[in-house]
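Here the structure is a predicted model, which is why all the values come from computation and not from measurement.
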Amino acid sequence: MAALDLDKLLYWTGVPAPHFVGGNRVRLLQGGDALFPSMLAAIEGAAREVWLATYIFHDDPGAVAIMRALAAAARRGVAVHVVVDGFGSKATLSRLRAELLPAGVRLEVFRPIERWYAVLQPGQMRRLHQKLCVCDAGSGGSTQDGPDFVAFVGGINVIDDRLDLRHGWGEEPRLDFAVELRGPLAGSVHAATRAMWVRSHLWQGWRDEVRQVVGSAAPLAQTRSFIRRLRGVSEGVTAGEAAPVRAALVVRDNLRQRRSIERSYVEAIKAAHSTVDIAVPYFYPGQRFRRALRRAARRGVRVRLLLQGKVDYRIAALAARALYDELRANGVRIYEYTPAYLHAKVAVVDGRWSTVGSSNIDPMSLLLNLEANVVVDDEGFAGDLLAAFEAAFAASAEVAGAPTRAGWRGWLRRTAVAWMANAYLRVAGITGRY
C-alpha cells in the first residue's frame, strides 16, 4: 500500500476557524458586472494556481468567458481546480466538462445527481452553496510568508445577473454582492476553497485513506493529529491588529463549524447599540435569531430587513411573510425590494460590523448547505455597504399597516410553515429545535 499523504486527507478538514486578522484590503463589488471582470483579470494573471467553488456555473456568454479563461490558464501550466454543485450546475455539466477537462482543469462535482432517484437520498439535501474564487497574484506575488493571493467571496454565482433560471432574462440585474480580498485573509479563502475541492475529490475514496492511517507506521500519532484537526485546533491563525482592515472568513460546514455563520449574526445583533440592517432573499430564521432581532428593536436599535418583493420561489416568500407580524409588532421595519430579484446576503451593524457572503437566513443555509461569509470590522467598508443599502431601501416598499397580533388565519399560516420547515429538516437528518 502506498504511503499515506496525511495532508491530502486533511485538506478537506483544514478550513480555518473564524478569527479576525488585520492587514487586509477589502473591496465591495456589486453584481456580476463588477465581480466578473475582476475575476477574469485575476485568473488571467495567475502564474501558479486557481481554485473556484460555486453553486451555479452557467453557460451564458459571461459565464463562458470565465470558463474559457480557466481553460486558458490550465493550458499555460497553471494548476486550475474547479468544484461545482451537482444540483445547481446539473444543466451545464456537459458543457463544463467539454470546455474544462481537455484543457487540464481539475473539475469536481459536489454530490452529483446522476439518476433522478438520487434526490431522494437525505444527504443530497446538503448542497455546496459557497461562491469562492482564489488565485495567486502572479509574478511578484509572493512574500516571505508564502504565496500572495487575491480572493473573491460572496453570493454571486457564475451566471449573468439578468438571467434567472426559473423566469428567464430580465432588464434589471439582481441585487447581489461580493468582496475582493487581498492580504492574510485571502490565504484562509485559499484553504477553504481547496478543502471544498478535495472533499469532493475524496468523497468516494476517503474510507480507504482513513484505513491507511490505521495501517501506517505511526498510526497513533497520525490519528491524534487527525482528531486535533477535526476538532478545529488552531494552527497559528490568530487575531491581528495590523492596518488597514480586520476581517474573518466564517464558513458553515457539517463538521466542526455547523452554526458558525448563525452565531456570528446573533452575536453582532446582541451587541448592537444603534442600527442593524440585513438584506437577504430567503428569510426564515430560528428562534435564537428572531429573539435577537426582537430584543434589539425593543431596546431602541433601528432594525431594518430588506427582503424579496419580486418573488422567485413562492414557498420562500410565504415562509418569510409568516414572520412579518411577529417582527413588526416588536419594532422591526421590513422593506420589500421590487426593482429586480434580490439575491444579496449582506448585513451592517452599528456602521462598523458587516458581512457579505453566500448564506441565506433560513434552515437550508444555516443548518444544511455549505456556506461562506466574510465578516469585516471596518467603518470605511461598512460605509460603502451602507450606501448600497440606502439606495436599495429607497427603491423598495416598506411593509405598512398595523401588524396583526392574533387571528386564526395568521396562526394557521405560521403553523403550516413551521411544520413544513421542520419536516424538511427531519428528512435531511437534522434534529432538535430550529
Side-chain angles (χ1 to χ4, degrees), residues 26-35 131 152-156 161 172-181 245-248 250 261 264-283 285 289-290 292-293 296-297 300-312 317 320 323-324 327-328 331-362 365 373-400:
V26 185
R27 184 164 68 102
L28 182 67
L29 303 170
Q30 181 168 336
D33 289 347
L35 171 65
K131 289 87 176 176
F152 303 90
V153 182
I156 303 174
D161 284 332
E172 295 297 322
R174 277 183 295 274
L175 182 63
D176 211 346
F177 296 92
V179 295
E180 178 186 288
L181 289 167
V245 177
R246 296 177 67 244
V250 187
I261 292 178
S264 70
Y265 264 107
V266 171
E267 290 176 354
I269 296 167
K270 284 181 175 180
H273 296 291
S274 58
T275 61
V276 172
D277 291 311
I278 297 173
V280 67
Y282 308 126
F283 181 80
F289 203 114
R290 298 201 310 273
L293 290 173
V301 175
R302 186 199 67 191
V303 180
R304 298 185 297 180
L305 303 179
L306 183 66
L307 306 179
Q308 281 191 346
K310 187 174 182 179
V311 174
D312 53 359
L323 303 177
Y324 279 15
L327 294 171
R328 293 180 61 237
V332 176
R333 299 175 65 182
I334 299 175
Y335 296 75
E336 292 184 336
Y337 184 75
T338 56
Y341 291 112
L342 173 68
H343 198 253
K345 302 108 165 80
V346 297
V348 180
V349 176
D350 287 348
R352 185 173 185 92
W353 183 99
S354 54
T355 187
V356 178
S358 67
S359 181
N360 292 294
I361 302 175
D362 68 352
S365 279
N373 281 31
V374 167
V375 176
V376 181
D377 177 23
D378 182 77
E379 290 181 356
F381 179 84
D384 292 341
L385 188 51
L386 272 175
F389 257 113
E390 294 300 342
F393 281 126
S396 303
E398 183 171 6
V399 177

Can you check side-chain contact (heavy atoms from CB on, under 4.5 Å) on R333 and E398, steps first, answer last? CA-CA 7 Å; R333 299 175 65 182; E398 183 171 6; 3.0 Å; yes
- prompt: Is there side-chain contact between V179 and L29, with at least one heavy-atom pair below 4.5 Å?
  reply: no
Q: Without swapping roles, check the side chain of S365 against the backbone of D362 for a donor-acceptor pair under 3.5 Å.
A: no
Worksheet item: Can S359 and N373 be counted as having a side-chain donor-acceptor contact under 3.5 angstrom?
Response: no
### Query
Side chains of L28 and F177: does their closest heavy-atom pair fall under 4.5 Å?
yes
When rounded to the nearest 0.5 Å, the distance separating CG of D176 from NZ of K131 is 8.0 Å
Note, V356 side chain near F381 side chain (heavy atom, < 4.5 Å): yes
Note: A272 and V349 closest approach over all heavy atoms is CB-CG1, 3.6 Å
For V348 and A382, the nearest pair of non-hydrogen atoms, with its separation, is CG1-CB, 4.1 Å
| query | Under 4.0 Å between a Lys/Arg side-chain N and an Asp/Glu carboxylate O for D277 and R302? | reply | yes
#### Entry: Donor-acceptor contact present, side-chain D161 to main-chain R174, <3.5 Å
no
Nearest heavy-atom contact between E336 and G309 is CB-CA, 3.7 Å
Worksheet item: Would E390 and R304 pass as an ion pair if we require N to O under 4.0 Å?
Response: yes
Those residues at least two apart in sequence (or on a different chain) that pass ring pair (Phe, Tyr, Trp, His ring centres under 6.0 Å) with F389 are F393
Using side-chain heavy atoms (C-beta onward) and a distance below 4.5 Å, is L181 in contact with F152? no
Please step through side-chain contact (heavy atoms from CB on, under 4.5 Å) for the pair I278 and L293, ending with a clear verdict. CA-CA 11 Å; I278 297 173; L293 290 173; 4.1 Å; yes
CD1 (I334) and OG (S396) are apart, to the nearest 0.5 Å, by 12.5 Å
Taken to the nearest 0.5 Å, the spacing of D384 CG from E379 CD works out to 12.0 Å
- [ ] Go through K310 and L342 one step at a time and tell me if the side-chain contact (heavy atoms from CB on, under 4.5 Å) criterion holds.
- [x] CA-CA 8 Å; K310 187 174 182 179; L342 173 68; over 6 Å; no
**Report entry** side-chain contact (heavy atoms from CB on, under 4.5 Å) evaluation trace for I269 with V301
**Finding:** CA-CA 9 Å; I269 296 167; V301 175; over 6 Å; no
- [ ] Find out whether L327 and L305 are in side-chain contact, i.e. whether some heavy atom of one side chain is under 4.5 Å from a heavy atom of the other.
- [x] yes
Donor-acceptor pair, S274 side chain versus D350 backbone, under 3.5 Å? no
Margin query: With a 4.5 Å cut-off on side-chain heavy atoms, are V250 and V374 touching?
Written below: no
Closest heavy-atom pair, P285 versus L323, reported as atoms and distance to 0.1 Å, is CD-CD1, 3.6 Å
One should read off an interatomic distance between T355 OG1 and K345 NZ, to the nearest 0.5 angstrom, of 12.0 Å
Worksheet entry | 4.5 Å side-chain heavy-atom contact, D377 and W353 | no
Would you check if the side chain of H343 reaches a backbone N or O of G155 as a donor-acceptor pair within less than 3.5 Å? yes
Between A347 and L385, the two heavy atoms sitting closest are O-CD2, 3.7 Å
*Does D378 reach the main-chain N or O of G380 with its side chain, forming a donor-acceptor pair under 3.5 Å?*
yes
Just wondering, do N360 and P281 contact through their side chains at under 4.5 Å, heavy atoms?
yes
Side chains of Y282 and D312, donor plus acceptor under 3.5 Å: yes
| message | Is the ring pair F289/F283 parallel, tilted or perpendicular, if the boundaries are 30 and 60 degrees? | response | perpendicular
